[in-house]
Amino acid sequence: MKKIGITGTIAAGKSSVAKILKLKGFPVFNADQYAHLAYLPKSKVYEDLLKILGESVLDDFKQIDKQKVAQKIFVNLSLKKEVENLIHPFVKEGLFHFLDGQKKKEFVFAEIPLLYQVGWQDLFDYVMIVDASKEEVIKRLLHHRHYSKEESEKRYLLQKQSLPNDETTIWIQNNGSKEELIDQVNRTLRDLRKGKHGNSRSTKL
Ligand SMILES: CC(C)(COP(=O)(O)OP(=O)(O)OC[C@H]1O[C@@H](n2cnc3c(N)ncnc32)[C@H](O)[C@@H]1O)[C@@H](O)C(=O)NCCC(=O)NCCS
Ligand SMILES: Nc1ncnc2c1ncn2[C@@H]1O[C@H](COP(=O)(O)OP(=O)(O)OP(=O)(O)O)[C@@H](O)[C@H]1O
């Protein structure tokens, strides 16, 4: 089993790549979706999250409202850190459990937007970085997410990150059509099978 982390900036096309891979039958873990499970009353970090965030983040059904969480943590970085200290280990456990169940698969993927910020790159044999030009990203945020021009620029700058590059990095440049994106994913799979992306790094798993 080769483990491949998928990351990249906002609206670069990470989820689109994940969708293409899923349609081709590959298992794909989604860190953001899994993180949302932490906010459900039955999760094991729910009570601790409530202690940190306070009852004001609950909605009428006693569910933690993610929008209210966002409003609190993005203006209070120490609170954000405290929340992350609960959620990141929760997601990591979910990721390990997922990988454990896929041992017989050729390739297994995990979409982790904050891969480098959380420092999980060494868990993977390869890191696939989905990239797009600033112009394309802004266009997608305006047209598909219906953000204003200012909001789009702000989000782009907030999430822009410096991305490392070594022989185990696989770049997907998503500035063209969806068909071109599918072609690139197919080419990448072919190259991976031929070993063209270098020797995979030794992982910590
Ligand atoms: C704060 C959370 C709940 C927001 O989740 P969600 O997936 O719903 O994000 P989404 O992009 O849909 O935003 C929800 C709301 O937050 C606002 N928001 C999102 N990002 C930002 C930001 N950087 N600054 C201000 N507001 C923001 C949005 O405007 C929206 O109103 C989520 O990001 C979270 O749980 N973060 C902490 C844990 C973590 O690091 N997760 C990553 C997985 S490893
Ligand atoms: N090559 C493309 N051509 C046209 N539209 C695209 C292309 N790639 C992605 N999109 C569209 O741009 C938007 C963002 O793409 P996607 O959701 O895949 O990005 P993402 O990196 O997962 O975003 P986020 O970081 O916000 O979760 C989506 O509406 C998607 O359909």
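Quick note: residue numbers are just sequence positions, from 1. All values derive from a computational prediction rather than experimental measurement. Remember, it's 1-based here, ligands and their atoms both numbered in the order they're listed.
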- Task: Measure the shortest side-chain to side-chain distance between Lys154 and Glu151 over non-hydrogen atoms and say whether it is less than 4.5 angstrom.
- Result: yes
- Option nearest atom 26 (O) of ligand 2 (shortest heavy-atom distance, choices Lys19, Glu136, Arg145): Arg145
- Query: Are Tyr39 and Tyr46 close enough, and set up right, to give a ring pair (Phe, Tyr, Trp, His ring centres under 6.0 Å), and what steps lead you there?
  - Reply: CA-CA 6 Å; Tyr39 296 106; Tyr46 176 85; 9.0 Å; no
- Task: Classify the ring geometry between Phe26 and Phe109 as parallel (under 30°), tilted (30 to 60°) or perpendicular (over 60°).
- Result: perpendicular
- Do any nitrogen or oxygen atoms of Leu181 lie less than 3.5 angstrom from nitrogen or oxygen atoms of ligand 2? no
- Query: So, Gln71 and Lys68: side-chain donor and acceptor under 3.5 Å apart, yes or no?
  - Reply: no
- Message: Under 4.0 Å from a heavy atom of Asn174: which atoms of ligand 2 are those, numbered in the order shown and with their elements?
- Response: 1 (N), 2 (C), 7 (C), 8 (N), 9 (C)
- Message: For the backbone of Ile4 and the side chain of Asp125, can you confirm whether one donor and one acceptor N or O come within less than 3.5 Å of each other?
- Response: no
- Ring centres of Phe98 and Tyr34 under 6.0 Å apart? no
- Note on the structure: The answer for which part of His144 has a heavy atom under 4.0 Å from ligand 2 is side chain
- Hey, which atoms in ligand 2 end up nearer than 4.0 Å to a heavy atom of Ile10? 25 (O), 26 (O)
- Query: Closest non-hydrogen protein atom to atom 6 (C) of ligand 2, residue and atom name please, with distance?
  - Reply: Lys178 CE, 3.4 Å
- Side chains of Leu189 and Lys24: does their closest heavy-atom pair fall under 4.5 Å? yes
- Query: At a non-hydrogen distance cut-off of under 4.0 Å, which region of Arg140 contacts ligand 2 (side chain, backbone, both, or neither)?
  - Reply: side chain
- From atom 19 (O) of ligand 2, work out which of Gly13, Gly8, Pro113 has a heavy atom at the shortest distance. Gly13
- Task: Determine whether the side chain, the backbone, both or neither of Gln159 has a heavy atom under 4.0 Å from any heavy atom of ligand 2.
- Result: neither
- For Gly176, the ligand 2 atoms with a heavy-atom partner under 4.0 Å come out as 1 (N), 2 (C), 3 (N)
- Query: So which protein heavy atom does atom 25 (O) of ligand 2 come closest to, and at what separation?
  - Reply: Lys14 NZ, 2.7 Å
- Query: Any idea which heavy atoms bring Lys22 and Val28 closest together, and the distance?
  - Reply: CG-CG2, 3.6 Å
- Query: What are the atoms of ligand 2, with element, lying closer than 4.0 Å to any heavy atom of Ser16?
  - Reply: 9 (C), 15 (O), 16 (P), 18 (O), 30 (C)
- Which residue holds the protein heavy atom closest to atom 23 (O) of ligand 2, what is that atom called, and what is the gap in Å? Ala11 N, 3.1 Å
- Do Val91 and Trp120 touch side chain to side chain, with heavy atoms closer than 4.5 Å? yes
- Query: Given that the side chain starts at C-beta and the backbone is N, CA, C, O, which of these parts of Ser177 lies under 4.0 Å from ligand 2, counting heavy atoms, or is it both or neither?
  - Reply: backbone
- Pairwise side-chain contact, Leu21 with Ile6, heavy-atom cut-off 4.5 Å (strictly under): yes
- Item | Thr9: numbered ligand 2 atoms lying under 4.0 Å from its heavy atoms | 21 (O)
- Query: With a cut-off of 4.0 Å, which atoms of ligand 2 are near a heavy atom of Ser15?
  - Reply: 17 (O), 18 (O), 20 (P), 22 (O)
